[in-house]
Amino acid sequence: MDHHDEDDAHLSSQIVEEEDLLFDDGPSEQPSLDETTGNADIDKITAQHSDIDETLRVRLAGPSTSKVNYHALQRLFTFIEFLINYYFPIQAGMDSVDKAKVNEIIYEVSKGSSFFENERKKDNAVTGRINALLSKYERIKNDVLSEEFIIVDNMIEELEDERDLNQCIVHIDMDAFYASVEELDQPHLKTVPMVSFAFQAVGGIGMLCTSNYEARKFGVRSAMPGYIALKLCPQLKIVPLNFSKYREASAKVRSVFEQYDPHYCPMSLDEAYLNITEHLKTTNKSPPEVVVEIRDKIFKETLLTASAGIAANKMLAKMCTDVNKPNGQFYLKSELADIQEFINPLSIRKIPGVGRVTERVLNALNVNTCKDIYPQRAMLYKLLSDISFKFLLRAHLGIGSTSVDSEYVRKSISVERTFRSLSSRTDLYFKLKDIAQKLAKDLESKNLCGKTLGLKIKLTSFEVRTRAKTLPGNIYKQEDLEKYASQLLEKELPVSLRLMGIRLSSLCSRDEIDQKGVKRVGICTIF
DNA sequence: TACATACAC
DNA sequence: CATGGTGTATGTA
C-alpha cells in the first residue's frame, strides 16, 4: 500500500473503490411510486419512534446501503422487483430479492460485538437529533411562513444566477475496477463471486475492497468485513490486492482522458470528471457520441468497461453515471425542463453529499425525493442551517459546479493504524512512535510542515476521540510529532485502544519557513 | 480553535 | 475470533 506516485498524492491511499450503488438503492427510491408521491404532506410528520431494528440494520449493512422501510416496502416489493426486472433486465447487482435477508444476516452476525454496540449508540444519537428537529418543527408547524417563502424564493433567484448551462461535463467511472483488473489476469474469476481484500486489521481476512458483479448478487460489497462476506457467500473467492496493477490500468485510462480534457480531474484511480466543452468544438460529434468514443478507447486500451454521465455540471453528471451502469452512459440535455424531469423523481440519497444520516433526517421531515424539497422549502429553511439548506436547494434545482480542475491544495495530512487492542503505556507509546515516523516520512516526501497537530484514538469499545493542539510554530520532524502527540495522549490514559492516528494541518511548504518555524510572508507592496 | 459528525472514495 | 485509511466540510461551543 506504499505508493509514492506523486501524481496521485491525494489519492494514493484510497483503498476502497466506488460504492456498490446498484444493489443498494433500487428499492429505497421507489416510494415515489407509492401513494406517498407528490407533495409531502406536512401534517404527516410525526415523532420518530426509534425502531432500533430497522435503522440499525441499515446502518450495519454499510455505508452504501440505504433505508429499507420494511413495513411500507414489503408491500411494494413484488411490484418493485417487477419494475426493476422490466427496466434493467440484465443488470447484475440489481437483483435485490434477498436484500432484507442480507441485512438480517449482517445483523445477526454482528449482534453483541463492540462494533455493534457502538453502532447502536451512534444510531440512537441520530434518532435524538431527529427528534430534536421534529420538536422544533412542532413549534413552527402552524406558522404561515409567508415571509420565509419570500426569502427562499429570492434565494432561488440568486442561485439561478449561478446556473451555467454552457459547459459539457462528463463523469466517468470504471466498472468494479479492481475486480475487473483481476479478471483480466484470471478470466475464470469472471463467473465466480470474487472480491479483492485489504486491511489485515485485527485478524481474519480483513475488510473487502471491491467485489465483482457475481459477488454483489450475494450482497457482498466493498468495506465489508471478510468474515461477514463469507457468511453471505461461502463460495466467495478472495483475491489479494495488486495496487501496482490498478495504477497501471488507471494510467492507461487517464491517458485517454488527457486527450479529451487536459485538465481532467481524477477523483480516484477509477473515477474522473472531464470538461469536454472545448473538445466538442473540434468535432461534429454530439456529446454522447464523444463519450462513446472515450469509453471505446478505454476499452481498447485496457479491456475494461466504464460507465459515464454527461450533463451540465458535476453533480448532474455524477448522478447520470448511475443510470446505466455498468458499461453504459446517460446523457442529460442541458435544458431546464430535462434537468427538472431528471432530478425530481430521484431519491435524495442520490444527491452526492447526502448519506445515510442525512437521508434519515430528511425522510423524517417527509422529504423523500428531490421533488419534495420544493414544497417543504420554507419549513426546511427554518429548520436547517443556511449552508445545508442552500445545498438542498441547489440539488433540487440541478445547479452544480462546472469547474473541472486537477489543481489541488492539501489542507491536512495524517497517518492512522488499527491494531490488536493495546493498553499498556509502553505499547501505546511505541505505537505512537511508529505512526509519527510514518507521518514524518510522508511530510518529508511532500516537503510539508504544519502547526496544528491532532491525535485520534479509537477505544476498544470503538468510541473515537480526537484531540488537537495548535503550536506556536511549524513542525515536521518525527521527534516533534511524537513529542506533541504524546502530550495529548498522556491526558487520555489509561485507555485500551484499537486505533491511533496523528494528523497535521495548517500546512505550508517547508520552503516557505525559516529555521524558527515561522512562516515567511511574502512582502506585499503596493508600489 | 477544538471537537464531533457526516461524507466520499 | 473478527468492521479500514485519508481527506474535506460543517456545526457547535
Side-chain angles (χ1 to χ4, degrees), chain A residues 1 3 8-21 59-64 106 109-110 112-119 122 125-126 129 173-174 177-178 197-210 221-231 241 266-272 318 349 351-361 384-388 390-391 408-421 435 438-439 442 451-456 458 462-471 488 498-507:
Chain A
M1 258 180 282
H3 353 145
D8 281 327
H10 64 294
L11 312 166
S12 59
S13 45
Q14 286 172 193
I15 309 294
V16 175
E17 67 170 288
E18 194 202 336
E19 289 175 7
D20 177 359
L21 290 167
R59 182 179 268 279
L60 288 167
S64 58
I106 295 171
V109 172
S110 307
S113 66
S114 302
F115 177 80
F116 176 94
E117 290 309 321
N118 190 254
E119 290 302 300
K122 291 199 279 184
V126 172
R129 255 183 63 193
D173 192 305
M174 301 299 295
F177 186 54
Y178 303 162
F197 77 91
F199 308 128
Q200 210 58 44
V202 184
I205 304 161
M207 300 278 283
L208 307 181
C209 281
T210 188
R221 285 188 310 266
S222 61
M224 181 179 270
Y227 75 98
I228 287 187
L230 283 172
K231 194 134 288 181
L241 285 172
M267 301 303 290
S268 62
L269 286 179
D270 75 317
E271 199 181 323
K318 177 150 180 57
R349 185 68 164 81
I351 301 168
V354 173
R356 292 193 314 260
V357 173
T358 311
E359 182 188 32
R360 255 189 81 191
V361 171
L384 305 180
S385 73
D386 186 62
I387 290 177
S388 312
K390 278 192 175 135
F391 168 81
Y408 168 73
V409 181
R410 176 192 287 278
K411 300 204 169 102
S412 74
I413 182 166
S414 67
V415 172
E416 67 186 58
R417 287 292 176 271
T418 294
F419 39 78
R420 206 178 302 280
S421 165
I435 288 165
K438 287 181 164 67
L439 182 56
D442 290 354
K451 65 190 178 80
T452 302
L453 181 131
L455 175 75
K456 172 175 171 180
K458 192 189 281 177
F462 284 85
E463 180 198 338
V464 175
R465 295 181 194 163
T466 59
R467 299 291 180 256
K469 184 159 181 61
T470 298
L471 308 165
L488 295 174
R498 69 178 342 270
L499 172 145
M500 213 187 283
I502 304 178
R503 171 175 303 267
L504 197 61
S505 48
S506 313
L507 300 177

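Just the heavy atoms: all of them, side chains too, but no hydrogens, waters or symmetry mates, feed the values below. Here is how names work: the chains are called A, B, and so on, in the same order as the sequence lines, proteins then strands, and each is numbered from 1.
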K.L.:
Counting only side-chain nitrogens and oxygens, does A:Ser113 get under 4.0 Å of the OP1 or OP2 atom of C:dT3?
P.N.:
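Answer no for this pair, as no side-chain N or O of A:Ser113 is under 4.0 Å from OP1 or OP2.
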K.L.:
Using a 4.0 Å heavy-atom cut-off across all strands, classify A:Val126 as base, sugar-phosphate, or nothing.
P.N.:
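Since only primed, P, OP1 and OP2 atoms lie under 4.0 Å of A:Val126, the category is sugar-phosphate.
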K.L.:
Please state whether the phosphate of B:dC9, meaning OP1 or OP2, lies under 4.0 angstrom from any side-chain nitrogen or oxygen of A:Ser222.
P.N.:
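So the side-chain polar atoms of A:Ser222 never come under 4.0 Å of the phosphate oxygens OP1 or OP2 of B:dC9.
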K.L.:
Has the side chain of A:Ser412 got a donor or acceptor that lies under 3.5 Å from a partner of the other kind on the base of C:dT8?
P.N.:
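Answer no: no donor N or O sits under 3.5 Å from an acceptor.
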K.L.:
Considering just the side-chain nitrogens and oxygens of A:Thr358, establish if one lies under 4.0 Å of OP1 or OP2 belonging to B:dA6.
P.N.:
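For B:dA6, OP1/OP2 do not have a side-chain N/O of A:Thr358 under 4.0 Å.
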K.L.:
Which part of the nucleic acid, if any, lies within contact of A:Lys231, taking any heavy atom under 4.0 Å across all strands shown: a base, the sugar-phosphate backbone alone, or nothing?
P.N.:
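Nothing: the residue A:Lys231, judged by heavy atoms under 4.0 Å, touches no strand.
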K.L.:
Send over the distance from A:Ile502 CD1 to C:dG7 P, rounded to a whole Å.
P.N.:
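Between P of C:dG7 and CD1 of A:Ile502: 13 Å.
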K.L.:
From C-beta outward on A:Arg467, which listed nucleotide comes closest to its side chain: B:dA2, B:dA4, B:dC9?
P.N.:
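Comparing B:dA2, B:dA4, B:dC9 against the side chain of A:Arg467, the answer is B:dA4.
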K.L.:
How far apart are the closest heavy atoms of A:Met174 and A:Phe177, and which atoms are they?
P.N.:
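The answer is CB-CD1, 3.6 Å.
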K.L.:
Between C:dA9, C:dT6, B:dC9, which nucleotide has the shortest distance from any of its atoms to the side chain of A:Glu416?
P.N.:
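Looking only at heavy atoms from C-beta outward on A:Glu416, the closest nucleotide is C:dT6.
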K.L.:
Can you work out whether A:Ile387 or A:Ile413 has the more 5'-proximal nearest nucleotide on DNA chain C?
P.N.:
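Per heavy-atom nearest nucleotide, the more 5' residue is A:Ile413.
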K.L.:
Need one value for A:Arg465: base, sugar-phosphate or nothing, where a base atom within 4.0 Å counts as base even if backbone is also close, heavy atoms only.
P.N.:
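The answer is sugar-phosphate, as A:Arg465 gets under 4.0 Å only of primed atoms, P, OP1 or OP2.
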K.L.:
Nearest whole Å is fine: how far is C:dT3 P from A:Leu208 CG?
P.N.:
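My rounded result for the distance is 13 Å.
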K.L.:
For A:Phe115 and C:dC1, give me the distance from atom CZ to atom P, rounded to whole Å.
P.N.:
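Checked: the CZ to P distance equals 17 Å.
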K.L.:
Out of the candidates A:Leu488, A:Val464, A:Ile435, A:Val415, only one should pair with A:Lys456 under the side-chain contact (heavy atoms from CB on, under 4.5 Å) rule; please name it.
P.N.:
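That would be A:Val464; it is the only one of A:Leu488, A:Val464, A:Ile435, A:Val415 passing the side-chain contact (heavy atoms from CB on, under 4.5 Å) with A:Lys456.
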K.L.:
Scan A:Val354 against the nucleic acid and name what it touches under 4.0 Å (heavy atoms): base, sugar-phosphate only, or nothing.
P.N.:
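A:Val354: backbone/sugar contact only, no base atoms under 4.0 Å.
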K.L.:
Is the phosphate of B:dC9 approached by A:Lys318 (side-chain N or O, under 4.0 Å from OP1 or OP2)?
P.N.:
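Result: yes.
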K.L.:
Between A:Arg498 and C:dG4, does any side-chain N or O lie under 4.0 Å from OP1 or OP2?
P.N.:
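For A:Arg498, the contact criterion (side-chain N or O under 4.0 Å from OP1 or OP2 of C:dG4) is met.
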K.L.:
So, is A:Ser388 near the phosphate of C:dG11, with a side-chain N or O under 4.0 Å from OP1 or OP2?
P.N.:
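True: A:Ser388 side-chain N/O within range (under 4.0 Å) of C:dG11 OP1/OP2.
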K.L.:
Can you find a side chain N or O atom of A:Lys122 that sits less than 4.0 Å from OP1 or OP2 on B:dA4?
P.N.:
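Answer is no, no contact under 4.0 Å.
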K.L.:
Please name all residues satisfying side chain to side chain donor-acceptor pair (under 3.5 Å) with A:Lys411, sequence neighbours left out, ordered by chain then number.
P.N.:
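With sequence neighbours excluded, A:Lys411 shows a side chain to side chain donor-acceptor pair (under 3.5 Å) to no residue whatsoever.
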K.L.:
Rounding to a whole Å, what distance do you find between A:Arg129:CZ and C:dT10:P?
P.N.:
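So the CZ-P distance, A:Arg129 to C:dT10, works out to 15 Å.
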K.L.:
A:Thr470 has a side chain; which of B:dT1, B:dA8, B:dC9 sits nearest to it?
P.N.:
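Closest nucleotide to the A:Thr470 side chain: B:dT1.
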K.L.:
Output the rounded distance in Å from CG (A:Asp386) to P (C:dA9).
P.N.:
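Computing the A:Asp386:CG to C:dA9:P distance gives 17 Å.
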K.L.:
In chain order, what residues pass the ring pair (Phe, Tyr, Trp, His ring centres under 6.0 Å) check against A:Phe391, with sequence neighbours excluded?
P.N.:
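For A:Phe391, no residue satisfies ring pair (Phe, Tyr, Trp, His ring centres under 6.0 Å) once neighbours in sequence are set aside.
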K.L.:
Can a side chain N or O of A:Lys456 be found less than 4.0 Å away from OP1 or OP2 on C:dG5?
P.N.:
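Result: no.
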K.L.:
Assign each of A:Ile351 and A:Ala125 to its nearest nucleotide of DNA chain B by heavy atoms, then name whichever residue's nucleotide is nearer the 5' end.
P.N.:
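The answer here is A:Ala125.
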K.L.:
Without decimals, in angstroms, what is the distance between A:Ile228 CD1 and C:dC1 C1'?
P.N.:
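About 12 Å, once rounded to whole Å.
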K.L.:
Could you tell me how far apart A:Glu463 (CD) and B:dA4 (C1') are, to the nearest whole angstrom?
P.N.:
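Rounded to whole Å, this separation is 11 Å.
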K.L.:
Counting just side-chain N and O atoms, does A:Ser110 come under 4.0 Å of either OP1 or OP2 of C:dT3?
P.N.:
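For C:dT3, OP1/OP2 do not have a side-chain N/O of A:Ser110 under 4.0 Å.
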K.L.:
Picking from C:dG4, B:dA2, C:dA2, which would you name as closest to the side chain of A:Tyr227?
P.N.:
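The answer is C:dA2.
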K.L.:
Output yes when at least one side-chain N/O atom of A:Tyr408 is less than 4.0 Å from OP1 or OP2 of C:dT8, else no.
P.N.:
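Indeed, a polar side-chain atom of A:Tyr408 lies that close.
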K.L.:
Whether A:Arg356 and A:Glu359 form a salt bridge (side-chain N of Lys/Arg under 4.0 Å from carboxylate O of Asp/Glu) is what I want to check.
P.N.:
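Salt bridge flag = no for A:Arg356 with A:Glu359.
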K.L.:
Is any side-chain nitrogen or oxygen of A:Arg503 closer than 4.0 Å to OP1 or OP2 of C:dT8?
P.N.:
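Checking A:Arg503 against C:dT8: no side-chain N or O falls below 4.0 Å of OP1 or OP2.
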K.L.:
Select from A:Ser414 and A:Val109 the residue whose nearest nucleotide in DNA chain C is closer to the 5' end of that strand.
P.N.:
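With A:Ser414 and A:Val109 compared, the 5'-side residue is A:Val109.
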K.L.:
Starting at atom CD of A:Glu119, determine the distance to atom P of C:dA2, rounded to an integer number of angstrom.
P.N.:
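About 15 Å, once rounded to whole Å.
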K.L.:
Between the side chains of A:Lys438 and A:Asp442, is the shortest nitrogen-to-carboxylate-oxygen separation below 4.0 Å, so that they form an ion pair?
P.N.:
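Judged by the 4.0 Å cut-off on N to carboxylate O distance, A:Asp442 and A:Lys438 do not form a salt bridge.
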K.L.:
Taking the side chain as every heavy atom from C-beta outward, state whether A:Thr466 and A:Arg503 have any atom pair closer than 4.5 Å.
P.N.:
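With C-beta onward as the side chain, the pair stays apart.
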